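Any value given below was found using the heavy atoms of this structure, including those in side chains, with hydrogens, waters and symmetry copies removed. One-based numbering, in listed order, for ligands and for the atoms of each. It should be emphasised that the depicted structure is a prediction, and the values quoted were computed from it without experimental measurement. One-based numbering along the sequence shown.
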Amino acid sequence: MAQTTTVAALAASVNARERSAREIAQAALADAAARDGAIGAFLALNEDVTLAWAESIDARISAGEQLPLAGVPVAIKDNLALAGTRTTCGSKMLENWVAPYTATAVERVLRAGGVPFGKTNLDEFAMGSSCENSALGVTRNPLHLERVPGGSSGGSAAAVAADLTPLSLGSDTGGSIREPAAFCGIVGLKPTYGRVSRYGLIAFASSLDQIGPFGRSVADVALLYDAIAGKDPRDATSVDRPAEATSVFTRQDLRGMRIGIVSEFGLDALEPSVRAVYEAAYADLLRLGAELVDVTLPTARYALATYYLLAPAEASSNLARFDGIRYGLRVAGDDVGDLYEKTRAAGFGPEVKRRILIGTHALSSGYYDAYYVKAQKARTLIAADFAKAFQACDIIASPAASTTAFAFQAKKDPYSMYLMDYYTIPISLAGLPSLSQPCGFAPDPLDGTPMPLGLQLAAPLFEERRLLEVARVFEAR
Ligand code: GLN
């Protein structure tokens, strides 16, 4: 929508009736229709729904309401249900499935005056780190069309980075907000597990899934986070804690703030040009008044192995419902067993099938204790390591990813794709709030194009406010 204003300024102009939500939505739709072809951030624009919602916001403004996100377009990852529109999860299985209800997070966007705008591409069922696992389209990194946008929320990140929308929603199970935010040079926040209702989020790994915002700045992201956070009776895992407004910033510097640098996340293995950016970022934190302290997470090295047992185990169970009877795709068979088999063989892509196989194996009797139970124990130890580290520091800083956005087809071996989550997954297992924000550029290894890198910050459980305050000071440096 080629608008470079802040979310607060855009909402203020709608609240003051200088612009209407409808006019903004129309401009955003026209802009996406014209420019998204080259990027592929959106799977659908849903023009009629978007305009109807915009009109409902205008009606509320006319009736005297003042709304924090008045008229602000918010793109929605296509694993979030939106009544009356297709919610595909990037899968052939749900390609034509029309959601009968709307996710709580999306309803809260509307309640705050935001206009849900289009559905964005993702790795199938949110499994992946590049968007290449989507069965329904290719998404390109707006900063370099021959590079991936990251994943799994690649479409939501690309839509913001391309300035097609000021805000978007994604979901993060093991890094799916933070890694694409890093690759696309924007801010992405994964709230504490339980902070945002997952009602209407199609489940991948239920003990890890969390919804969160993308935006161009920390302040923009904080406004959307404030709108969506909070208890929801329809999601029993959502936590009943008053969510304090994070979008009011008071801190000018980082004095008194102890920032933990994890010794296991040393920068030595990184490309020198990447490493230099992170060294400079840490030096900036110091210059802003923070004290840098070394912390250790001895069990973090088991995090990837732990996650890649637990997440597939939960996925194998969650995805059992896609059987050709109740939802989505159905391929006829000779009997019901044959129908299940043919539907699932045709409906799921290779990565989803791999996860279902791994997960089913890990949960099978005879292997359950050796794999699933052991992974749960490792998860407990990893969370305990973080709790201990946070006795010595207030925030943990690290890279969000080890490289800039990679080329399409560069990670054909699944294990190399899984390694992209090296820095994000330990935090996910511990349920902590975490974000990625731009911290500099490094030359693309193949053609030298300057590409963004993300600084990842993590805070103790429910300390989103602290996290965003620190990020905001860093951003303003
Ligand atoms: N890349 C990780 C995976 O493939 C994380 C995905 C996510 O956070 N949804 O599982």
* Sequence-distant partners of E132, salt bridge (charged side-chain N to carboxylate O under 4.0 Å, His left out), two or more places apart -> none
* Validation row, ring centre Y340 to ring centre F322 under 6.0 Å -> no
* **Those residues that, when tested against D447, pass salt bridge (charged side-chain N to carboxylate O under 4.0 Å, His left out) (two or more places apart)** => R147
* Structure fact -> For residues 202-225, the ring pair (Phe, Tyr, Trp, His ring centres under 6.0 Å) pairs (sequence neighbours left out) are none
* **Output field: ring centroids Y372/Y367 closer than 6.0 Å** => no
* Show the protein residues that qualify under the rule heavy atom under 4.0 Å from an atom of ligand 1, listing them in chain and number order. => A126, M127, G128, S129, S152, D172, T173, G174, G175, S176, F204, Y307, Y308, R355, D421
* Assess the pair Y199 and Y101: is the distance between their ring centroids shorter than 6.0 Å? => yes
